[in-house]
Each structure stands twice: as structure tokens, then as C-alpha cells.
Amino acid sequence: MMSGRSISHKGIVAEADSGSGVLIEITRSGTCGDCKEKGACGMTESGSLFVRLNSPRELNKGDEVTVEISRSEFYRSVGLVYIAPVVLMLSAAVAVSSAGFSELVTAVFTLAVPAVYFPVLRLFLKKSSRTSYRIK
């Protein structure tokens, strides 16, 4: 579901806070088909999506909540997870190939980019104290 500046989904608490956050089950709703971001958020698949989030209040199993993310944070996430690795891989492929290396070396360097990028991104995001998703 979209509002002016945010994207939100209704969910149900599947597991109460165990010290590592609340596990929330988000089920695809009928309004997902009308959403412009449906291809990037992963909600177009049938079934449920599970997310673990910190809650500002005490929640119990079965509580209904709304999980929300701002549009700017959503697009930032899409850029970091989908667009940046592709751009980096293409850049590495062009640079290594232009340097005169063989196709095998070019392929190895190109495939090494996400192998390095995603662990570094995970470390960077773990150190970031900001939470993108909010529970309402």
C-alpha cells in the first residue's frame, strides 16, 4: 500500500520480541497489483514475507501492525542492493578487459565484485544505527 511519502504493509506478529526483535509476517494484499514499486519490493510473489524489526512498544504474537518505509529509503535500498552491484560489475568488466586481460580473468574479476561488495555493504549497514522500516 502506498501513501504520499511512504510504502506500508499490514502484518501480524509471528514471534514476540526475543531480544533480537519482533518477527512480523507480511502477507501479500490485493492492493499490491496497483503499486508502482511492486517489482522491487518482493511482494509480488504469492505467500508471505517475514521481517525481523525492533519495536518501539511491546508486541505479542498475533498483534496486527503496519510496517512502513519512506519512499526515499525504499529507493535507496533498491539502489544499494540491485543497481550498485550491476554498475560495479560492468565497470570492473570494462576496466579489466580494457587493460588487456583475458576473458577468464575479466570474468573472475567481474564475479568477485559482488563477493566483496555484499559483505562490505552488510558491515556498513550493521554499523548504521538508523532503521529504515518502522512499526506503526
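The two residues L125 and R76 come nearest to each other via the heavy atoms CD2-NH2, 4.2 Å. Residues P85 and G79 share a closest heavy-atom pair of CD-O, 4.3 Å. A pairwise comparison of heavy atoms in I26 and K10 identifies CG2-O, 3.7 Å as the closest pair. Nearest heavy-atom pair, K61 versus A16, reported as atom, atom and distance to 0.1 Å: N-CB, 4.4 Å.
Here L90 sits in one hydrophobic cluster together with V86; the rule is ILVMFWY side chains under 4.5 Å apart, joined directly or through other members. The hydrophobic cluster containing F101 also includes V96, V105, F109, under a criterion of side-chain heavy atoms closer than 4.5 Å among ILVMFWY residues, counted directly or through chains of members.
The distance from atom CD of E68 to atom CD1 of I7, rounded to the nearest 0.5 Å, is 9.5 Å. Summarising the geometry, atom CD belonging to E15 is positioned 12.5 Å from atom CG belonging to N60; distances are rounded to the nearest 0.5 Å. Atom CG in L59 sits 10.0 Å away from atom CG in L53 (nearest 0.5 Å). Atom-to-atom distance recorded for I12:CD1 and E64:CD is 6.0 Å, nearest 0.5 angstrom. Note that OG of S6 is 12.0 Å distant from CZ of F74, once rounded to the nearest 0.5 Å. Of the inter-residue distances, the one linking L49 atom CG with H9 atom NE2 reads 8.0 Å to the nearest 0.5 angstrom.
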Q: Tell me, with the steps shown, if F50 and L23 meet side-chain contact (heavy atoms from CB on, under 4.5 Å).
A: CA-CA 7 Å; F50 289 90; L23 184 66; 4.0 Å; yes

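Counting only N and O atoms by type, the side chains of S72 and S70 include a donor and acceptor under 3.5 Å apart.
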Could you list the donor-acceptor pairs under 3.5 angstrom formed between side-chain atoms of residues 113-124 and any protein atom two or more places apart in sequence or on another chain?
from : atom 1 : to  : atom 2 : distance (Å)
Y117 : OH     : L80 : O      : 2.6

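When the side chains of ILVMFWY residues are joined at heavy-atom separations under 4.5 Å, either directly or via intervening members, V108 and L111 end up in two distinct hydrophobic clusters.
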